[in-house]
Asker: 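Handing you this structure, nothing more for now.
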Amino acid sequence: MADRAARRIAIIDIGSNSVRLVVYAGPRRAPRPVFNEKLMVGLGSGLATTGAIEPKPYRRAISGLARFRALTQAMAIDELRCVATAAVRDASNGAQFLADARAIGLDVELLSGEEEARAAGLGVISAIPDADGIVADLGGGSLELVRVSDGETRHHSSFPLGVLRLAALRTAHGPRFSKVIGRMLADAGWPDGDTALPLYLVGGSWRALARYDMMIARDPMPVVSGHLMPVEAAARLARRLANADLSTMSIPGLSSARVGTMPDAAALLVPLVRQLKSSHLVVSTSGLREGLLFGALPADLRRQDPLILAAEAEGRRFARFVPHGRAIEAWIAPLFADDDAAAARLRLAACLLSDVASTANPDFRDERAAEMALHGQWLGIDLADRLVLAQALFSSAGGSGRPFDMRTDPILDARLARASQWGLAIRLAQRLSGGALAGLEVTRIERIGDVLRLSYNGSGTDFAGEQVDKRLRQLAAGLGLKAESVR
């Protein structure tokens, strides 16, 4: 049997708007997408008028599923899970669609609204382990709400408010649309006494709104995962989109079909945040598919840190000799004993990734290292954490200054200064060890008063050298200390 950590798992997600195949690899607690293909077929486009999946979307979806089945066989996938959601669940010809899908060799699991909501909630928890708020998963056929806290989900609801249905609802209810939505939520028991909580936005149409928001703001770090928006953004985006010419709108990374869903999504978001009395909005790129993976894990694996697991897996891929990130962290840790647990976690991640730019052109190693932190597929960190990790890796690869151009605040400035010190310490450890372990095992780095002392034990003196002394002086300067080498 294949190594469980290296198993490839595929999920085929038959949604109301799109049909998608995603193949994951890497640690089970921190799976990395290695293949992602989507068809915007609109299975739920006719539900509001005919109650059935229309012939053209039906044929396109079955054809796409046949391709996905062939791909997963060719890829020798270890585990395949195929699920269908609101459109197939609600369509009068949904049973026939499932039969046709099964005829091409796919064992399709029809999720209930509650199962769909729970999977979306677990998807957010998988990426944000300390999530405490309400998840809103907006698909083509439905809106799922689920309360998440303490790593668990509760109070699940599913509403027939997918983006493919919203236009008809807005036309039918006119100016009363927001009140109608508010009443639907209230009748289902929302917000259930919990107010002033984050609203975690899951689904392609919410992500499209986030990209639009970042484009308007000219965000220098347009990372959708973890993007924060104030609740006022809902009304602002809705007003702006109401008067926008969508036919001429171009947003990087979005298809015209997805752009077309934004006005209805924004219109729904306004009464949603009002009724739930949300504190702010958080965009999550992890949702139903990731929730299905997370939900299948045993409890001990769920408790693992996804950032550290992913960083260790990436570090292993790029290690020049043997992975030694944990040895580096143990070696430099005495210099940063006053770091809190959150900082120590990011410092460990930086150490695990310390070889990530080793194969890059020497003139661009610092940029490559920073890029890995800024744009990597990381879970369990927010934008500020990404910047801190990027600063540490940038400094460890010889970069000076900052690897990004954006406004910061005094608290983040202090964190970035600390990250630069981590980077200099990692840089010294890498020069001393040459990317192996022996040099770290026979030396010790420590603060003694205003002195940074590097001590060599016995045969460790063989690892001493001019370049090591140079890196020692650089680190000492970064820490405001004097350098001392004891052989």
Asker: So, does Ser279 use its side chain to make a donor-acceptor pair with the main chain of Leu197 at under 3.5 Å?
Answerer: yes
Asker: With no hydrogens and no angle check, is any side-chain donor or acceptor of Arg60 less than 3.5 Å from a backbone partner on Met40?
Answerer: yes
Asker: Do NZ/NE/NH1/NH2 and the carboxylate oxygens of Asp194 and Arg154 come within less than 4.0 Å?
Answerer: yes
Asker: Under the side-chain contact (heavy atoms from CB on, under 4.5 Å) test against Val388, which residue among Ile381, Leu383, Asp382, Leu346 passes?
Answerer: Leu346
Asker: Tell me, with the steps shown, if Asp137 and Tyr200 meet side-chain hydrogen bond (donor to acceptor under 3.5 Å, both in side chains).
Answerer: CA-CA 8 Å; Asp137 181 7; Tyr200 299 97; over 6 Å; no
Asker: Taking the six-membered ring for Trp, are Trp190 and His155 parallel (under 30°), tilted (30 to 60°) or perpendicular (over 60°)?
Answerer: parallel
Asker: With a 4.0 Å cut-off, would you call Arg8 and Glu79 a salt bridge?
Answerer: no
Asker: State whether the side chain of Ser284 and the backbone N or O of Ser286 hold a donor-acceptor pair below 3.5 Å, judged by distance alone.
Answerer: yes
Asker: Are Pro160 and Asp90 close enough that some pair of their side-chain heavy atoms sits under 4.5 Å apart?
Answerer: no
Asker: Apply side-chain hydrogen bond (donor to acceptor under 3.5 Å, both in side chains) to Glu54 and Thr50, showing your working.
Answerer: CA-CA 8 Å; Glu54 296 293 316; Thr50 69; 2.9 Å; yes
Asker: Check whether any side-chain heavy atom of Arg326 lies under 4.5 Å from a side-chain heavy atom of Cys351, and answer yes or no.
Answerer: no
Asker: Can we say Asp339 and Arg347 salt-bridge, meaning some charged N sits less than 4.0 Å from an Asp/Glu carboxylate O?
Answerer: yes
Asker: Between Arg418 and Asp413, is there a side-chain N and carboxylate O pair less than 4.0 Å apart?
Answerer: no
Asker: Any carboxylate oxygen within less than 4.0 angstrom of a Lys/Arg side-chain nitrogen, looking at Arg415 and Asp385?
Answerer: yes
Asker: Among Arg81, Arg289, Lys38, whose side chain to side chain donor-acceptor pair (under 3.5 Å) with Asp13 holds?
Answerer: Arg289
Asker: Using only atom types and a distance under 3.5 Å, with no angle test, would you say the side chain of Trp422 pairs donor to acceptor with the backbone of Ser396?
Answerer: no
Asker: Are there more than 12 heavy atoms of other residues, nucleotides or ligands under 6.0 Å from atom CG of Asp340?
Answerer: yes
Asker: If you draw the axis of the six-membered ring of Phe294, does the NZ or CZ of Arg302 fall within 45° of it and under 6.0 Å from the ring centre?
Answerer: yes
